[in-house]
Engineer: 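Once you've had a glance at the structure underneath, I'll fire off some questions.
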Number of protein chains: 2
Amino acid sequence: MTALPRSCEMCVVRNRAVCSVLDGEELSVLNRIGRRQTLAPGQSLYWEGDDALLVGNVLEGVLKLTTSLSDGREQTVGLVYPSDFIGRPFGNTAGHSVTALTEARICTFAQSDFERFAEDHPKLEHKLYEKTLTELDRAREWMLLLARKSASERIATFLLEMSDRLRASGCAPLPGTLDRFELPFGRQQIGDVLGLTIETVSRRLTALKREGIIDLEGRRGIVIVDRAALEDQAQAGE
Amino acid sequence: MTALPRSCEMCVVRNRAVCSVLDGEELSVLNRIGRRQTLAPGQSLYWEGDDALLVGNVLEGVLKLTTSLSDGREQTVGLVYPSDFIGRPFGNTAGHSVTALTEARICTFAQSDFERFAEDHPKLEHKLYEKTLTELDRAREWMLLLARKSASERIATFLLEMSDRLRASGCAPLPGTLDRFELPFGRQQIGDVLGLTIETVSRRLTALKREGIIDLEGRRGIVIVDRAALEDQAQAGE
DNA sequence: CGCCAGGTTGAGCACGATCAAAGAGCGTGG
DNA sequence: CCACGCTCTTTGATCGTGCTCAACCTGGCG
């Protein structure tokens, strides 16, 4: 884990987070109202139903957004990577919990401070809007997966998306081929994302390995051996 | 169906659509770049994968957003009511089809015209942003439903949400109690929204009627007889 | 009256959940 | 260095919900 930078100027996500639309002047104002913090794996930033008083950017690590039913059933409704935005400005209570899956570094703002700043900077709000639209698109694609795809299709889709997003968010892939990476979490988490049980996840992964489409390295290592076959199984939408 | 108003000033959704943040001056500019149109039930505004060149507001009626897999499996990923916004500004291709479920009146804009207008009117973009955040919250709640809820719970949740949204969007409820309304579509559509088959929807609805929790009037009429019991079955989140 | 689309009901099946047990990886301490 | 204990994963056996396939019913309309 690299040292925290003193200013936003040299931030690892400077060019990809919402801050990318701000100039040096604006950035230093934002810098003053924010603070950086580190979360341990499993640590939550806030809980479903809380007044969500924080918003922020992910600098490093992966976090999950979860909703649950009163009887304990839980669903991961979003994964958040470096440069993604956390939280819901202009809202009251949080619709989901935010929990770190890996060790994570984030830079946070009091919701009210951030809102005030955003109101004066339409460029920033525009960027936020675009990020939210992308999130909405992703959520809807995931609805199709949860509602209509079989367990095998879900696993295949998940592995492909994981591979893409890890790469895009700057998480270093494992050495070797591009299609070799480390999952930031275990089987249970995969199940929570895909709406499956841990056993089903395990069985489908082993099946994919048996078929020679992927390879499993230790608990969390994944190698996509035959990407075409995996895409085939994923049944990508139209 | 009421006559189309000539200007935005007297529009039925004037106070609830994104236009609500604009003053008379701005509104008349917007008015000039927009056009009103009517869709018949089943008619699509655009298709998944199209270049989505249109955006707009729903004035009257209900539309659905759907995604599908190449083998024909289809999922409704959103329902759109009067005063809701349709389309994705600042994007390329549509992630879903937009189809009218009932006869619908909408006011549309060329995407590029609208974007240009929005860039000059941060207030408008702010309103759009808030609407998108609400949509995202709803999508995530629906993910929980699709991934974790049983068929009975889905039906119960659906009936409650339907009742609320129809009322909120100004669609007149049937006379009698407040909890009496007409579904804007048939059993197949319910299945497409809930990720269930038509047979399961039918069975669950009949069961609810047998238990005295709801009453079915003709093909599309619903009366919520025992709202508390229905809420109980819906297993609302935390 | 007959047709047809949409809805209901029934019987059997399959996929994934559940319950249960054994295996693998890993840090700790003797 | 290995034994121990813990967590996470894999594998197996059984069960149950909702899907599939198929027949029948209902209401609206020509």
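Atoms considered below: every heavy atom in the structure, side chains included; atoms not considered: hydrogens, waters and symmetry mates. Throughout, protein chains are lettered first and strands after them, A, B, ... in sequence-line order, and every chain is numbered starting at 1.
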Engineer: Counting only side-chain N and O atoms of Ser150(B), is one of them less than 4.0 Å from OP1 or OP2 of dT17(D)?
Structural biologist: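 For dT17(D), neither OP1 nor OP2 has a side-chain N or O of Ser150(B) closer than 4.0 Å.
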Engineer: Would you kindly give the CZ-to-P distance between Arg210(A) and dT9(D), to the nearest whole Å?
Structural biologist: 18 Å
Engineer: Nearest whole Å is fine: how far is dG27(D) C1' from Arg187(B) CZ?
Structural biologist: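 So the CZ-C1' distance, Arg187(B) to dG27(D), works out to 13 Å.
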Engineer: What do the steps show when you test Lys131(B) against Glu135(B) for salt bridge (charged side-chain N to carboxylate O under 4.0 Å, His left out), and what is the final call?
Structural biologist: CA-CA 6 Å; Lys131(B) 277 194 177 283; Glu135(B) 273 308 300; over 6 Å; no
Engineer: Any Lys/Arg nitrogen of Arg36(B) or Glu60(B) sitting under 4.0 Å from an Asp/Glu carboxylate oxygen of the other?
Structural biologist: no
Engineer: Using whole Å, report how far CZ of Arg220(A) lies from P of dT10(D).
Structural biologist: 12 Å
Engineer: Between Ile198(A) and Arg148(A), which is nearer to the 5' end of DNA chain D once each is assigned its nearest nucleotide?
Structural biologist: Ile198(A)
Engineer: For residues Gln37(B) and Gln43(B), is any side-chain donor paired with an opposing acceptor at under 3.5 Å?
Structural biologist: no
Engineer: Indicate whether OP1 or OP2 belonging to dA17(C) is found under 4.0 Å from a side-chain N or O atom of Thr197(A).
Structural biologist: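 Thr197(A) to dA17(C) OP1/OP2: side-chain N or O found under 4.0 Å.
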Engineer: Would you kindly give the CG-to-P distance between Asp192(B) and dG6(C), to the nearest whole Å?
Structural biologist: 13 Å
Engineer: Applying salt bridge (charged side-chain N to carboxylate O under 4.0 Å, His left out), run through Arg203(A) and Glu199(A) and close with a yes or a no.
Structural biologist: CA-CA 6 Å; Arg203(A) 278 187 249 268; Glu199(A) 293 96 330; 5.7 Å; no
Engineer: Could a donor-acceptor pair under 3.5 angstrom be found where the side chain of Arg203(A) meets the base of dG12(D)?
Structural biologist: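 When only heavy-atom distances are counted, Arg203(A) does reach the base of dG12(D) through a donor-acceptor pair under 3.5 Å.
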Engineer: Whole angstrom is fine here: how far is it from CD in Glu199(B) over to C1' in dT20(D)?
Structural biologist: 7 Å
Engineer: Please tell me which of Leu216(A) and Arg204(B) maps to the more 5' nucleotide of DNA chain D, matching each residue to the nucleotide holding its nearest heavy atom.
Structural biologist: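 Its nucleotide being nearer the 5' end, the pick is Leu216(A).
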Engineer: Can you check the Lys149(A) NZ to dC15(C) P distance for me, whole Å?
Structural biologist: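 One finds 18 Å between P of dC15(C) and NZ of Lys149(A), rounded.
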Engineer: Quick one: which of Leu205(A), Val223(A), Asp226(A) gives a side chain to side chain contact (heavy atoms under 4.5 Å, CB included) with Ile214(A)?
Structural biologist: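 Single side chain to side chain contact (heavy atoms under 4.5 Å, CB included) partner of Ile214(A) among Leu205(A), Val223(A), Asp226(A): Leu205(A).
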Engineer: Does OP1 or OP2 of dA17(C) have a side-chain N or O of Thr200(A) closer than 4.0 Å?
Structural biologist: yes
Engineer: Take the protein atom CZ of Phe185(A) and the nucleotide atom C1' of dT7(D), then report the distance between them rounded to whole Å.
Structural biologist: 18 Å
Engineer: With a 4.0 Å limit, can you tell me whether Arg219(B) has a side-chain N or O closer than that to the phosphate oxygens OP1/OP2 of dG27(D)?
Structural biologist: no
Engineer: Once you apply a heavy-atom cut-off of 4.0 Å, does Gly191(B) come out as touching a base, just sugar-phosphate, or nothing?
Structural biologist: nothing
Engineer: How long is the line joining CD1 of Ile155(A) and P of dT9(D), in whole Å?
Structural biologist: 12 Å
